[in-house]
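For reference, the structure discussed in these notes is given below.
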Amino acid sequence: MTGAMAARAVGAAPSAMRAMSTDGMKGFDNRERAAETLWFNKREEKVLRDLLQKMKAQADTHDAANAPAVVAAETAALKKVLPNATAAEVAKLLDWKHTSF
């Protein structure tokens, strides 16, 4: 390395140094961007699921007038699909539906 090149390398900005170190790695930025996007998507999904669960809980407690009708309609629809299911199984399935989705 000549003296002029060494002086430029030492005085170069950190971003320029980083660009030089990743020149041979095509797709490095794309991989990094994809990993970041994946992380944010998973985080947003968790936050939205938690929000949906809170909204369902609020709707069940604050909409006391319609809640029994909704439960009856869901139970009837489930009984059509699973006619041999016991009441306990139906209750477990409805509980799973409301807490998992």
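One N or O on the side chain of Glu89 and one on the backbone of Thr86 form a donor-acceptor pair closer than 3.5 Å.
Residue Glu45 is tested with Arg49, Lys42, Arg43 for a salt bridge (Lys or Arg N to Asp or Glu O under 4.0 Å); the sole match is Arg49.
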Next on the checklist: Would Leu93 and Leu82 count as a side chain to side chain contact (heavy atoms under 4.5 Å, CB included) here? Give the steps.
Outcome noted: CA-CA 11 Å; Leu93 283 170; Leu82 301 169; 3.6 Å; yes

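When the shell of 6.0 Å around NZ of Lys92 is examined, it contains 12 or fewer heavy atoms from other residues, nucleotides or ligands.
Residues Val90 and Leu94 are in side-chain contact: their nearest non-hydrogen atoms beyond the backbone lie under 4.5 Å apart.
Atom CD of Glu44 and atom CG of Leu51 lie 12.5 Å apart (nearest 0.5 Å).
In plain terms, the two heavy atoms of Glu74 and Lys97 that are nearest each other are OE2-NZ, 3.0 Å.
The side-chain hydrogen bond (donor to acceptor under 3.5 Å, both in side chains) check on Glu36 picks up nothing, with sequence neighbours excluded. In this view, Lys46 and Asp50 satisfy the side-chain hydrogen bond (donor to acceptor under 3.5 Å, both in side chains) rule, not counting sequence neighbours.
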